[in-house]
Amino acid sequence: MKAAYPTILTRDKDIVLVEVPDLGILTEGKSVVDAIYMARNAIGLAGVTLQDKKQEIPKSSALEDIDIASGTFADVGGGILTLVDIDFNAYRRKLDMQMMRRNITLPEWLKRQMKQT
């Protein structure tokens, strides 16, 4: 499933604050590019989590329905409204393919046996 969510970006000193009103997401980035990356990642994670809980992912609002002045970070300064797209199926595949490192302790007899092989 592909979607694009309205996202408010607000610059505050050396960071960019991010709000995705439809999903209740608040995050930040070091630059606009980083902020959009963080928003996409947060949207993907929220969507996959909702799917895992067998809940419906909220539909995105129309841009004209989003009021920047009532956003969470409106008091920080003027924000800009943009869209951040996501492909939830691709995000899930990427998430499922991440490698995890696991350390284990092997008994001495097994270590010796593995050396002999």
Does [X] share a hydrophobic cluster with [Y], counting links as ILVMFWY side-chain heavy atoms below 4.5 Å and allowing steps through other members?
X: I8; Y: L83; result: yes
X: M38; Y: L9; result: no
X: L23; Y: M1; result: yes
X: V48; Y: L50; result: yes
X: I25; Y: V84; result: yes

If I take atom [atom1] from residue [X] and atom [atom2] from residue [Y], how far apart are they, to the nearest 0.5 angstrom?
X: I68; Y: F73; atom1: CD1; atom2: CZ; value: 14.0 Å
X: E28; Y: D14; atom1: CD; atom2: CG; value: 9.0 Å
X: Y5; Y: I57; atom1: OH; atom2: CD1; value: 6.0 Å
X: I36; Y: T7; atom1: CD1; atom2: OG1; value: 8.0 Å

Closest non-hydrogen atom pair between [X] and [Y], with its separation:
X: P6; Y: L63; value: CB-CD2, 4.0 Å
X: L26; Y: E19; value: CD2-CG, 3.7 Å
X: D87; Y: K2; value: OD2-CE, 3.3 Å
X: A3; Y: F88; value: CB-CE1, 4.1 Å
X: I15; Y: L17; value: CD1-CD2, 3.5 Å
X: S60; Y: D22; value: CA-OD2, 3.3 Å

Full working for side chain to side chain contact (heavy atoms under 4.5 Å, CB included) between R11 and V32: CA-CA 9 Å; R11 183 162 298 280; V32 172; 3.7 Å; yes

Qualifying residues under side chain to side chain donor-acceptor pair (under 3.5 Å), relative to D52, sequence neighbours excluded: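 Side chain to side chain donor-acceptor pair (under 3.5 Å) check on D52 returns R92.
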
Whether T10 side chain and G77 backbone form a donor-acceptor pair below 3.5 Å: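 Side chain of T10 to backbone of G77, a donor-acceptor pair under 3.5 Å: no, none is there.
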
N/O donor-acceptor pair under 3.5 Å between R40 side chain and D85 backbone: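 At least one qualifying donor-acceptor pair exists.
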
Side-chain touch Y91/I43, heavy atoms, less than 4.5 angstrom: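 No, every pair of side-chain atoms sits at 4.5 Å or beyond.
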
Non-neighbouring partners of A69 that pass side-chain contact (heavy atoms from CB on, under 4.5 Å), sequence neighbours left out: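 Counting only residues at least two positions away or on another chain, A69 forms a side-chain contact (heavy atoms from CB on, under 4.5 Å) with D67.
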
More than 12 heavy atoms of other groups within 6.0 Å of Y37 OH: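 No.
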
Residues, nucleotides or ligands: over 12 heavy atoms within 6.0 Å of Q55 CD: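 Enclosed.
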
